[in-house]
Amino acid sequence: MRLTILGGGGFRVPLVYGALLGDHAEGRVSRVTLYDEDPVRLAAMARVLADQAAASGAADAPEVTATRDLDEALRGADFVFSAIRVGGLEGRAADERIALAEGVLGQETVGAGGVAYGLRTVPVARELARRIARSAPGAWVINFTNPAGVVTEAMSEELGGRVIGICDSPVGLGRRIARLLGVARPEEAWIDYVGLNHLGWVRGLRVGGRDELPRLLADDRALESFEEGRLFGAQWLRSLGAIPNEYLHYYYFNRETVRAYQEAKQTRGAFLRDQQRGFYAEAGRAAQPPGAALAAWDRTRAEREATYMSENREVAGVGEREESDLESGGYEKVALALMRAIARNERTTLILNVRNGATLSVLDADAVIEVPCLVDANGAHPVSVAPLPLHAVGLVTSVKAAERAVLAAAASGSRADAVKAFALHPLVDSVSVARRLLDGYAAEHPGLAYLR
């Protein structure tokens, strides 16, 4: 089986390759093609993956090739991972800085930053979808590219249900809750999770048909022993009757978070830009001992994980991340489970970003949502869920309206549609601010030159 990774020079590619190295079943991925426009990043990542293969000692390690030719990369692919970053980390840093100067949030996927990122990414994602449909019409596309919900929805216009978005946040949250509740096999718990990407809530966790979440919500000590509990506080979680995805901290504690980001030494995007600049320079050196590139990647990743959402933790007064919080949902494991389910018909249940169909009545059928899905050889099928509570309906529909305006602006090239996308987002508090945001982003991002 052949896998192509678009954005193959990206920092998280070794997570995917590491998962593939541990898969020895029949029908596994035997060839990985890395595609990237940046030759330096591509070469560095090829070295890291070579070190991984050597360290594993696996005789059947997937063959890795690298190319800057998109059609060559896609030809013959069974699965395509889309993990691109339009504008690079320099673009992300600008997204954050410009928004904070206007007093609004500029996070990568949330608020003004997410709108700006979507506006420059959607046109590229649509073109990639067209190229995939032409060069690899039988391939399944797994989208990692942020903002994952709107990008998956854009690609689905061309690819339909053959594009599926994934995120590790809901899986990681479910595992932390299951572990706290003493569930021996967290993968066997049913997680009642619903929303959009980076905007969802765990409303129940069923084990043996019984909902165990009320037991957690009643226990202050247990609630404050894991990351989301410390971020939101026990009282607020009980008020909601649910555990929100960590990204809802940007909504529920927006004023405090914006202030913390404004006062920080540098934004998250600027930190990652500087950090990864050093990593790629080190990993890309031609003459270095075996294992050096992988060691550099390991060090960089550890620092990256430890500093994740540090400003939010500062707002909540919870200090450094604990060891148990450093385990993500493992987006590479989600991706591998998704591929297995489709390629081998190994039926499973995963929380994914897929077309709504009739799942949530407040959204239309084509809206991409994030919910548990049954996955088999025919793709991912969203399960029936209970209606959203009113407070969640407000946020979900407002954010989806902003996403739809992003899609409209990317299709029309209309500046008015782009302003609308910013202004409709619940974390942008003025149409005047929306106009200034677009002016600021357009001045810095060549990828927004299409807006007139």
Side-chain angles (χ1 to χ4, degrees), residues 1-25 27-70 72-85 88-89 136 139-145 166 168 272 275-305 328 330-340 343:
M1 194 160 64
R2 296 178 62 173
L3 168 66
T4 292
I5 303 179
L6 308 181
F11 185 78
R12 296 207 291 179
V13 167
L15 294 174
V16 175
Y17 192 65
L20 296 176
L21 285 170
D23 182 18
H24 304 288
R28 65 188 177 79
V29 171
S30 58
R31 181 175 177 182
V32 177
T33 300
L34 306 180
Y35 166 80
D36 205 291
E37 295 179 346
D38 187 329
V40 174
R41 292 168 65 89
L42 202 55
M45 204 45 60
R47 288 192 178 97
V48 175
L49 268 54
D51 284 350
Q52 279 186 296
S56 74
D60 58 352
E63 175 191 354
V64 177
T65 60
T67 181
R68 296 167 63 194
D69 184 316
L70 180 57
E72 177 188 335
L74 293 173
R75 202 170 294 119
D78 298 293
F79 285 89
V80 176
F81 287 2
S82 178
I84 64 171
R85 180 178 289 280
L89 286 170
W140 288 88
V141 180
I142 301 177
N143 179 53
F144 300 91
T145 299
I166 70 170
D168 59 351
L272 292 175
Q275 184 205 47
Q276 290 192 23
R277 187 177 289 157
F279 160 73
Y280 281 103
E282 181 178 353
R285 291 187 191 123
Q288 54 183 326
L294 178 58
W297 181 81
D298 282 332
R299 290 194 305 272
T300 306
R301 181 190 173 214
E303 182 183 28
R304 172 190 175 116
E305 294 297 324
S328 73
Y331 90 122
E332 69 283 1
K333 296 174 185 175
V334 179
L336 186 59
L338 178 56
M339 284 197 298
R340 283 173 171 167

How long is the span from the [atom1] atom in [X] to the [atom2] atom in [Y], to the nearest 0.5 Å?
| X | Y | atom1 | atom2 | value |
| --- | --- | --- | --- | --- |
| E305 | T300 | CD | OG1 | 11.5 Å |
| L338 | I166 | CG | CD1 | 7.0 Å |
| M45 | L49 | CE | CG | 7.5 Å |
| D78 | L3 | CG | CG | 9.0 Å |
| R47 | L42 | CZ | CG | 10.5 Å |
| W297 | Y280 | CH2 | OH | 10.5 Å |

Is a side-chain donor or acceptor of [X] paired with a backbone partner of [Y] at a separation under 3.5 angstrom?
| X | Y | value |
| --- | --- | --- |
| R28 | L20 | no |
| Y17 | A50 | no |
| S82 | T145 | no |

Measure the shortest side-chain to side-chain distance between V48 and F279 over non-hydrogen atoms and say whether it is less than 4.5 angstrom. yes

Is there side-chain contact between L74 and L6, with heavy atoms separated by less than 4.5 Å?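 Side-chain contact under 4.5 Å: yes.
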
Distance-minimising heavy-atom pair for [X] and [Y]:
| X | Y | answer |
| --- | --- | --- |
| Q288 | E282 | OE1-O, 3.6 Å |
| L294 | A55 | CD2-CB, 4.4 Å |
| E63 | T65 | OE2-CG2, 3.8 Å |
| V40 | D38 | N-OD1, 2.9 Å |
| P62 | L21 | CD-CD2, 3.9 Å |
| T4 | A77 | OG1-CB, 3.6 Å |

For the pair V29 and D23, evaluate side-chain contact (heavy atoms from CB on, under 4.5 Å) and give the outcome as yes or no after the intermediate values. CA-CA 8 Å; V29 171; D23 182 18; over 6 Å; no

Count the heavy atoms of every other residue, nucleotide or ligand shown that sit under 6.0 Å from CD of E37, and state whether that count exceeds 12.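 Counting neighbours around CD of E37, 12 or fewer heavy atoms of other residues, nucleotides or ligands fall under 6.0 Å, so no.
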
Would W140 and M339 count as a side-chain contact (heavy atoms from CB on, under 4.5 Å) here? Give the steps. CA-CA 9 Å; W140 288 88; M339 284 197 298; over 6 Å; no

Take R299 and E303, measure what side-chain contact (heavy atoms from CB on, under 4.5 Å) needs, and give me the verdict at the end. CA-CA 7 Å; R299 290 194 305 272; E303 182 183 28; over 6 Å; no

Please say whether the positively charged group of R12, taken as NZ for Lys or CZ for Arg, lies over the ring of Y331, i.e. under 6.0 angstrom from the six-membered ring centre and within 45 degrees of the axis. yes

